Amino acid sequence: MIKIVPLNDNILKIIINEKESLSFVKEIKKETNLWDYNIKENEIKIIWNKEYKINFKVFIKDHIEIFHDVEENDRIYGLGEKYARLNRRYKRFHMWNVDQQIHLPSGDPTYLSIPFYILANPKKFLGILIDYAGYIYIDTGVRNLNEVFIKIKSDYARIYLIAGKNLKEILRCYSEMTGKPFLPPKWALGYHQSRYSYMDQNEVLEIASEFRKRKIPCDAIYLDIYHMNEFKNFTWDSKRFPNPKEMIEKLKDLKIKLVTIVNAGIKASKGYAVYDKLKEIDGFIKYSNNETFLGIVWPGICAFPDFLNEKVRKLWSYFISEWLNQGIDGIWLDMNEPSIFLILNKDMEKEFEKVLNNELSLFSFVSKFSTNLINKNIGYVKIDAFHNLNGSKIHHDEVHNAYPLFQIISTYEGFIKSNSNKRSFILSRSGFIGIQGYAAVWTGDNQADWSHMEISVPQLLSLGLSGIPFVGADIGGFSDDADPELLIRWFQLGAFYPLFRNHSDINSRRKEPWVFGEEVESMIKEAINLRYKLLPYLYKLFVDSYREGLPIIRPLCLEFPFDENCYDIDDEFMLGDSLLVAPILNPGSKARAVYLPESKWLNLWNGKIYKKGWNFVEADLKTIPVFLKENSAIITTNVKESAEEPWDKITIETFLTKNVNVKIYDDDGITFNYKKGEFFEIELNIKKEKNKLKINTNILNDKFEPSFNKIEVKILNKINIERAFLNNKEYDFSKREGFIFLEFDLKELMGK
Ligand code: GLC
C-alpha cells in the first residue's frame, strides 16, 4: 500500500494506495543513491545524503492521516497566501479555495491553496508537496508541538519530498516539477490602477489622462464588473460604455493598457450567447442528477463552466480570444474559487422569483438562506457537484482546488489563440500549484488597515516560497477608507511588490494617488517613480524567476540561509539579491529597527553605511528604508510614463569595496521571441584594486538590439579612484556630486 520511489538526487516520492489520478507534477527521473529509506508497516524512515532525517507515520482510513516529525528549530515556510507570519509553525491550515472575507489569522482557508511547505533550519532544507487537489488539513504543531499532522480527504495520496542544500535549490526543483513562472510583458511591471468600479468610459479616460497630466507613470487601468451588461462576462454595458472601441484607441494613444475582469459564474439566461454555447456542449458543472449546478453570484443565478472538460476549455479560450481581439490587453480572473454566494436548491425557487421581479433585493435573499452561504470561516464546504474529466464523471471534492487552475490555463490558451506571439497577462485570485506558469496572483479583499498592510509582507513572501513570484496585494486596502499616511506608506511598500496595483471597493473612499491633495500626491509619485527607475533591475529578476523559479521579493532567509537570525524576520525583505527593503508599517513611525545580515549596507536615501546586526534607521514620511548590499548593484533607468518606454540609458548603481558582478538583460518586452534566443544580455565585472577601477564586460547574448546604448556605472560609496580601465584600456571617468561615474557606449564597445 505504501511505496517509495526516489526520483532523482533531490526528489523522492511516497505513494499511498497507488491510483491513476489527476497529477500536477512533472516527474524528472535520474539515477540516484542519495536517499536511504525504510518502511515498516505504517512507519517510514527517510534519510537524505546521510544528513537530513525525517520519519513518517501513515494511517489509511476512509481518508489518509500522516504524521511527520519536526526538529526543534525547524521553521515551516510556504503554504501560499495564508494569513500567518512567514514561519507557519504551530498553526492549523485548510486547503480549500474560498472567497475569504476575514483577512486575519482566523480567516482560513483562503482564496488559493498550495499544499507545499518547506522545513528549514540552517542545517536542513526539505520541501513537502502533496499532489492532490481536494481538501487537505495541515496542523503544523498544534496537536503535537514537534509534529506535523496532515489529513487528506481521499483514499490515496502522492507526496514528494524535495531536499536541497539551501532554500533556493528547493525552489528550483519545485519549479522544475510544477512549472517555471511565465515571463510577463514589460508593461505588467509598471503601475496598475483599479477601482470597483470605474463606472463609464468617460471616467476611465479621465483617470487615464489624469495620470498623464500629473506626470505620474501608469501602465494599466482595470475595468471591474460594471463594464458588463448585467454582469455577464464578455459583454459591454451599452449605456456606460457606448463606444469601447473608441475608449480602447484613446487608451492606446495614452500608452495605457486595459485589463478587464472576468468572473467564473455565467449568468444562466437563455439568449446569452456564452451561456447558450456552453449549454450546447453540455459544458457546465452538474448536480448528481445530471442537471446543471446553479448558484448565485453577481449576475444572479449562474452556472459554472466545467473547466476540467477539454471541450469547455477550448470554447472558453475562444471567448477569451474574441474578447481580447477588441484590443484588450489583460484578463483579471475573479471569483474563481469558485465563489458562490448561495448554492441554489429547489426550496429557494419561489423566493427567488421575488428577486427577479424586483420585490426582494438579492442581498436580502442571500441573507435569508444564509445557512447555505458558503463563504464562511469553515474548513471545508461540500459542493455536491460533478465534472466531466475526459469522459468520466469526477466529484468536485477531488478537484476543487484545481478548478481555477484549469480556468487559468484555458484563459492563457485564449491569449495564444488571439496572438500566438504575444505574452499574456492574467491576474487571478484563486489558484493551485502550477499557477505560476500562467498568471499573477493578488491576495483578494484586504482592508485599509495597517495590520493588513503588515500581513501582506509575509503573505507575498510565502507565495514566493510556494513557487509563485508575480504577486501583489491591493495597495491602500480594498475595503474601508485609507488615511493619507497609510496610503503613502502602502505606496512606498507597494512599489516593491512584484505586482504594483492600487484597487479599492465601491463603498470606500477613492484611493488614486492624488485623492489627498498635492503634498501626499508628491510623496506617492516619488514611490511610483522609484518603481519605474528600478525597472531594468526588476525585469532581470523576472527573467531569473522564469529561468530558475526564484521569487522576486524574498525573505531574508532565502538570501542568507545560514544566518538563523533571518529565519523569523518578515517585516523586511530582499528585492532580488542586492536590495533590502524595510517598510514602515506603523502609523506615526519615523524610524524603525532593521536587521541587516552579514555584509555592509548602504542606505539608498542618504548614502549612510551600516553594519551587520540590529540598526535603528530613521525614515520620515517621504522615505522607505532601502539598503544596497556591499559589492552588489542595482540597474536603473529613467522612464517617464510607461514601462514599455525604451530605457535609453542604463545606470549601474553600485556599493563597491572589492568586486561586483552584474548582468543586464533586455528583449522586446512583448513577444515570445526571447524563447528563440532573441534577447540581449551583458555581464559586467566591476573591480576596485587599490585606487584603480577596472570594468570588464562580457556580452552573453546579442541576438536582440537593446533599447539602450549608453551604460553608466555610478559608485554610490565614497572611494578614492585615480585611474579607470574598461576592458583593460584606460578610460575616462568623472566625479560629480561626490559620486564616481564612468559612462560608455554599447555600440562602440561591440564594435558597431
Ligand atoms: C471581489 C474581488 C474584488 C472586486 C469585487 C467586484 O470582491 O476580490 O477585487 O473588486 O469582487 O468585482
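Atoms within a ligand are numbered from 1 in the order they appear, just like the ligands themselves. This is a predicted model, so every value here is computed, not measured.
Within the listing of ligand 1, atoms 12 (O) sit less than 4.0 angstrom from a heavy atom of I261. In the vicinity of W442, heavy-atom distances shorter than 4.0 Å reach the ligand 1 atoms 8 (O), 9 (O). Near R429, with a cut-off below 4.0 Å to any heavy atom, the atoms of ligand 1 are 1 (C), 2 (C), 7 (O), 8 (O). Using a 4.0 Å cut-off to heavy atoms of F478, the atoms of ligand 1 that qualify are 3 (C), 9 (O), 10 (O). Atoms of ligand 1 found under 4.0 Å from any heavy atom of W298 (numbered from 1 in listed order, with element): 6 (C), 11 (O), 12 (O).
Some N or O of H503 is nearer than 3.5 Å to an N or O of ligand 1, by distance alone. The shortest N or O to N or O distance between D334 and ligand 1 is below 3.5 Å. Annotation: D474 places no N or O atom under 3.5 Å from an N or O atom of ligand 1; distance criterion only. Among the atoms of R501, none of the N or O lies under 3.5 angstrom from an N or O of ligand 1. Of the N or O atoms in Y196, none lie within a sub-3.5 Å distance of an N or O in ligand 1.
Heavy-atom neighbours of K314 NZ from other residues, nucleotides or ligands within 6.0 Å: at or below the threshold of 12.
Y403 and D306 form no side-chain donor-acceptor contact under 3.5 Å, judged by distance and modelled atom types alone. Side chain to side chain, N325 and S418 meet the donor-acceptor criterion of an N or O pair below 3.5 Å.
A side chain to side chain donor-acceptor pair (under 3.5 Å) with H387 is found for one member of E398, H400, H396 and no other, namely H396. Remark: of the listed residues F293, F304, F386, F293 is the sole one forming a ring pair (Phe, Tyr, Trp, His ring centres under 6.0 Å) with Y287.
Under 4.0 Å from ligand 1, not a single heavy atom of D505 appears. Contacts between Y226 and ligand 1 below 4.0 angstrom, taking non-hydrogen atoms only, are absent altogether.
Of the protein's non-hydrogen atoms, the one nearest atom 4 (C) of ligand 1 is D224 OD2, 3.4 Å. Closest to atom 3 (C) of ligand 1 among all protein heavy atoms lies D445 OD1, 3.4 Å.
When ring centroids are compared, Y191 and F211 come within the 6.0 Å threshold.
A salt bridge does not link E644 to K186: none of the charged nitrogens lies less than 4.0 Å from a carboxylate oxygen. R429 and D99 are joined by a salt bridge, as a carboxylate oxygen and a charged side-chain nitrogen come within less than 4.0 angstrom of each other. Ion pairing between a basic and an acidic side chain is recognised when a charged N comes within 4.0 Å of a carboxylate O; R195 and D224 show no such pairing.
Side chain of K252 to main chain of G327: a donor-acceptor pair is present (N/O by atom type, distance under 3.5 Å, no hydrogens or angles).
At a 4.0 Å cut-off, at least one heavy atom of W332 sits close enough to ligand 1 to count as contact.
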